[in-house]
Every structure is written in C-alpha cells, then in structure tokens.
Amino acid sequence: MASEDLRATRIEKLDQLRSIGMNPFAYQWKSTHSMAELQAKYVDLPNGEEIVVDVAVAGRIMTRRVFGKLAFFTLQDETGTIQLYLDKNRIQEFMSDRFPEAFANLKQLTDMGDIIGAKGTLKRTDKGELSVYVKEFEMLTKSLLPLPDKFHGLTDITTRYRQRYIDLIVNPEVRETFRRRALITASIRRYLDRDGFIEIETPTLTSEAGGADARPFVTYHNTMDMELYLRIATELHLKRLIVGGFEKVFELGRIFRNEGISTRHNPEFTSIEVYQAYADYNDMMALTETLITTAATEVLGTTEITYQETPISLTSPWKRITMHDAVKDATGVDFATFTDLNQAIAAAKAAGIHNIDDCSSIGKLLNEAFEQKVETTLIQPTFITDYPVEISPLAKPHRSKPGLTERFELFIVGRETANSFSELTDPLDQRERLEAQAARKAAGDLEAQGVDEDFITALEYGMPPTGGLGIGIDRLVMVLTDAPSIRDVIAFPLLKSEKNEDQTPE
RNA sequence: GGGUCGCUAGCUCAGCGGUAGAGCAUUCGGCUUUUAACCGACUGGUCCUGAGUUCGAAUCUCAGGCGACCCA
C-alpha cells in the first residue's frame, strides 16, 4: 500500500477513536514506573507468576502480536521496553462500562508507532517475559505514519540523518549515544564547577572572527547595517574575562567554521575552552587528563576503552613528546638542527614529505612533516608539545626553546582532540603576530585572522599569566561512544537540502 | 576539488536489455502464551531526475541531484 494510503487509513482511525469517545491526542498521563525500573525491580519474578500491584506505564507500540482474544504489544519508553499482556476478558471487565468494545477497539484502532498508556498488574509469562497484565489502556497519541521494518529497522543513512527522530525511535543504540554525550558534558561541567571554574557565555555574533585560523560564516544585521561573523572560537572573549579579573572561566558551546564536511568535520561543532589565571600549559596538560579520564570513568566506568576495534588506554599519565622529537622519530629528520630553510626543504623532500613548496619557514615545514608523517599514527592519547611560533599566534614563546611556543595538542586515534597554550600575554608581541596574520588575510588567505583591536587593548591593561585549553567535544564523544563519524554524535548534522521542487520537469 | 560506491513499494532488499518482484508493514478473514507469532486472501511502484542508444531501458551511455566512504 502506498504511503498516502497508509496515512489515510490511520486518519480514518482517528475519526473512529473520536467516535467512541477516545481522544487520539490526549493531554496527560501519569506513569508509576519506567520500563527499566519495572524490569529491574521485578527481575526475580518467576515465570507464570503475577504480582497484584497496580502499575501504569506509557510508551510507543513497537511490535504487536494479536490473537483472537489475546494480544501482546511491546511498549517502548526512553529507558527500555516492557510487554503488555492484553487479555480480552480482563480488558472487558475493567473497560466495558466506558468502552463496550474495548478489546476490539484495541485490535482495530491501534498500530505500531502509536503512543499509549496502560494500567494493570505485573505478570511474568510462561515464556519468561515480564509483562503488564493490562486492565485498562488509553490512546495517548495516534501515529499517522508507518515505522520502519520491525526486524530490519532503519539503515538508510540519509533518512537516519535527515529524520533523526525515526532513527531514535527504532535504534536504541542511537539514543544511548546522545544520552552518553549529555553525561560527558555534564561530567566536564561538574568537575570544573567543583574546581571553582565558572561558565560565562560569550558572543556568537562578532564583528571580528578571531581566536583560530578558520573561514567564518558571514551574516548581516539589518538595523545596525553591519556585517557580522559567527564565532570560530571563544578564545578572545574568554581572555578578556581573565583581564577583567575572573581567574577560572570556561565556556562549552557551539562554534562555526565555514569549511568542508567529513567524518571528522561538521560546520557547527562544540568546543569547550577553559582559562585559568596563573597557570601554564603544564597545568593544562594535567587538567586535560583529569577532565577526560573523569568523564570516561563517570560515563563508561573505565578508562580502558575500545574504539572501532582498537583498544585505547585513556589511563593517565599520557605520553608526552615534543613535535621535534615526534617528527624525528617518524622521519629520521631532526628539524631542530637546521638554520637554513633550503637545507630543511631538501631534507624534508628526501624524507618523502610533499606539498612543501609554499612553506615559508622551518617551523611550517616541521608542522607539515608532523601532519603528514606523525598525526595519524598517534592512536593512544599523546600530548604533542612545543609548536613553532609561526603556527601559534596566540601562544607564549617557550621559556627556554627559541622559535617555539608553550603549546600542546592532544591526539587520540590520530585526531586532534585538544589544543592548549601558555597564553601570550605580551600585547606588543601579540599585535605583531596578529598583524602578520592580517597581512596574510589581506593577501587573500581566507583562514587568517584579522587584528581584534579591542582584544589587544585588553591585553595592554594587563592579563595575568594564564593557561588556556580547548577540547573538541564532538571528537571526544566519538571516542567515548565508539562512533565512526562525527555525524553519529551530532543529533542533527548539516546536510544539503533535497531541493525536490528544482527537479520537477517544466 | 578528485576517485569509488549507492539511490527500485512505508521499511529491508532482489532483479542488471524483453509483462517490476520477495519478506515485513498495511487491508480483510481465522486464532487466548506470543516475542521477526502463525495460517489464508488481497493491496501497494515517478525503479532519484533529465537526455540519449535501442524494436524495446529499472537494467547500457551522458549530464544533473542527493548521500556514503577514501584521497587532497
């Protein structure tokens, strides 16, 4: 039967429900238990035994097995499922005063996908299924559209992303992923709160997109007649708060980067940035370990996990290695020994590093070598430390290593998962570095930052030594939920519109 | 941006040049211990869109749309 006919059949049932005095779109229902609570509480009830205790449940009908005078429905709520044992004699006994044909109504007017409430006692069937032995049922919401195949479920990836609600209804593991995501962010916030950090919300609409190298989304404010940019990082505003006297601040929120889409990139994604006055990047490394191992322990109960069949040990301490040493180990080339760019380029080419013709400094060459030869090999959590100054415009110069900064990035399963510096607090140095960025931007680099003059002004009032940390929440959730694609941890990932009207022939 | 693969009934899929199919769901009939219930009967299609090749296209070719994965 075609989709429209299936829907029409159910709309017909709406009218029938109304005609017998049952509202197909009810106002309220009070359950006594969730499905999981009942399953846990009565786990020891023997087969064939009934407990005379009145319970009320509500949920969506996932399967129906209907006999002449008996029916079994599987009812699903957020926590799980329970079977309804629907016996004609019993239902007629308790409902026939209001609904003379209650059992026939149940058989004829309910469908898979409907949301119903049921009251009754508890009984474990002879076959061992804990069931609500129903006295009364009530239609709560009539569903007009058919659910996917009860056995094969929904596998079409396009529908799963475009109509996530269907995916959530029929795939319990998808609900579990988003439940875990909420637990992970709650764990992080709880830890920071206990440690004296406060969360302050900073602007999403900004007149200058700074704090990272990324192309921003541009939008427009009508009454102010000005272009605005969606934030690409929360960094520069959170640092202003440190200047203002807050000593431990963070923001967990959405940022936007106008870039490509892949299994690791969505144009809007979630980061947490944390800033702590009087701390440096060593303190931030410790905080990173603590936040992630705490979340893993609280949500998964362990720091020994499996990601896509690879064992990952999140148990701290994690490996720490400088970028120079990591590249040297992977390629045999020690870029720290070079003083001449051409010499370094020759060595890089000899080591098989490609696309280096526009590397204008040894530091960029080192970074290119790192990205090509090291990054994907960092499966176990690893802190890569001491990045070149050329690629770290907001990081403080290393206290003992010229040309490098006090910066680290955390890699897990070959992906950048966190980024942190001893924050640059020298306003004169900061201005020079941002002006170099602005020159690149003027030359056409769409990912380069401009100079945020007010941010420089804030630094001139004086920012205490500060450690800053950013963690990519989506990538962290991927690791902790064993999700292969970032779209699996974003409830409503960005997809192209289907544009059906454009395909209609003239 | 490049490559590979996919798009057929509400869902899951088969069909790969000769009348568009199956299972589940739906509809109707039967059934008081099922759990992919079962038995019987019926119904259901823009084969992603457009153009081309052909006597004939879901099938072959080209262009486009959407999506997945890999690479840059």
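Throughout, a chain's letter reflects where its sequence line sits, starting with A, and its residues are numbered from 1.
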Test the [X]-[Y] pair against the cation-pi criterion, namely NZ or CZ under 6.0 angstrom from the six-membered ring centroid and within 45° of the ring axis.
X      : Y      : value
A:R164 : A:F492 : no
A:K123 : A:Y85  : yes
A:R64  : A:F72  : no

Indicate yes or no: does [X] engage [Y] in a salt bridge with an N to O separation below 4.0 Å.
X      : Y      : value
A:D474 : A:R264 : no
A:R179 : A:E176 : yes
A:R10  : A:E12  : no
A:E136 : A:K119 : no
A:K441 : A:E208 : yes
A:D111 : A:K13  : yes

Using a 4.0 Å heavy-atom cut-off, does [X] contact any base of the nucleic acid, only the sugar-phosphate backbone, or nothing at all?
X      : value
A:K107 : nothing
A:G153 : sugar-phosphate
A:T125 : base
A:R162 : sugar-phosphate
A:V66  : base

Under a 3.5 Å limit for both distances, which nucleotide forms a Watson-Crick or G-U wobble pair with [N], could you say?
N      : result
B:rC13 : B:rG21
B:rC62 : B:rG50
B:rA68 : B:rU4
B:rC38 : B:rG30
B:rG45 : none

Ring centre gap for A:F217 and A:Y229 strictly below 6.0 Å: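 No; A:Y229 has its ring centre 6.0 Å or more from that of A:F217.
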Rounding to a whole Å, what distance do you find between [X]:[atom1] and [N]:[atom2]?
X      : N      : atom1 : atom2 : value
A:E4   : B:rU46 : CD    : P     : 11 Å
A:F67  : B:rG29 : CZ    : P     : 18 Å
A:L70  : B:rU35 : CG    : C1'   : 12 Å
A:E129 : B:rU35 : CD    : C1'   : 6 Å
A:L86  : B:rC31 : CG    : P     : 18 Å
A:E12  : B:rC28 : CD    : C1'   : 15 Å
A:D5   : B:rU43 : CG    : P     : 13 Å
A:R90  : B:rU33 : CZ    : P     : 17 Å

B:rU26 base / A:D111 side chain donor-acceptor hit below 3.5 Å: no
[atom1]-based separation of [M] from [N] [nearest Å]:
N      : M      : atom1 : value
B:rG30 : B:rC42 : C1'   : 15 Å
B:rG17 : B:rA36 : P     : 38 Å
B:rG52 : B:rG40 : C1'   : 48 Å
B:rC31 : B:rG44 : C1'   : 26 Å
B:rA58 : B:rC48 : P     : 10 Å
B:rU26 : B:rA63 : C1'   : 39 Å
B:rC38 : B:rG50 : C1'   : 47 Å
B:rG56 : B:rG18 : C1'   : 7 Å

Which protein N or O atoms sit under 3.5 Å from an N or O of nucleotides 21-23 of chain B?
unit_1 : atom_1 : unit_2 : atom_2 : d
B:rG23 : N2     : A:D149 : OD2    : 2.7

Between [options], which one does the side chain of [X] approach most closely?
X      : options                : result
A:T9   : B:rC13, B:rU26, B:rG67 : B:rU26
A:D87  : B:rU33, B:rU32, B:rC66 : B:rU32
A:D156 : B:rU12, B:rU33, B:rU35 : B:rU12
A:K13  : B:rC31, B:rC66, B:rU27 : B:rU27
A:L6   : B:rU33, B:rU12, B:rA25 : B:rA25

Under-4.0 Å side-chain N/O to phosphate OP1/OP2 contact, A:T159 with B:rG10: no
B:rU33 OP1/OP2 closer than 4.0 Å to side-chain N/O of A:K88: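 Checking B:rU33 against A:K88, no side-chain N or O comes under 4.0 Å of OP1 or OP2.
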Sidechain-backbone polar pair: A:D77 side chain, A:G80 backbone, donor-acceptor under 3.5 Å: yes
Determine all donor-acceptor pairs shorter than 3.5 Å in which one atom belongs to a side chain in residues 14-27 of chain A; sequence neighbours excluded.
unit_1 : atom_1 : unit_2 : atom_2 : d
A:S19  : OG     : A:Q16  : O      : 2.7
A:N23  : OD1    : A:F25  : N      : 2.8
A:N23  : ND2    : A:F25  : O      : 3.1

CG-CD1 distance between A:L495 and A:I261, expressed to the nearest 0.5 angstrom: 7.5 Å
Tabulate protein N/O versus nucleotide N/O from nucleotides 68-72 of chain B, keeping only pairs under 3.5 Å, one per line.
unit_1 : atom_1 : unit_2 : atom_2 : d
B:rA68 : OP1    : A:R487 : NE     : 3.0
B:rC69 : OP2    : A:R487 : NH1    : 3.4
B:rA72 : O3'    : A:N355 : ND2    : 3.2

Position toward the 5' end of RNA chain B (nearest nucleotide), A:M112 or A:R65: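 Final value for this comparison: A:M112.
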5′-ward residue of the pair A:T63/A:L494 relative to RNA chain B: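 Residue closer to the 5' terminus by nearest nucleotide: A:T63.
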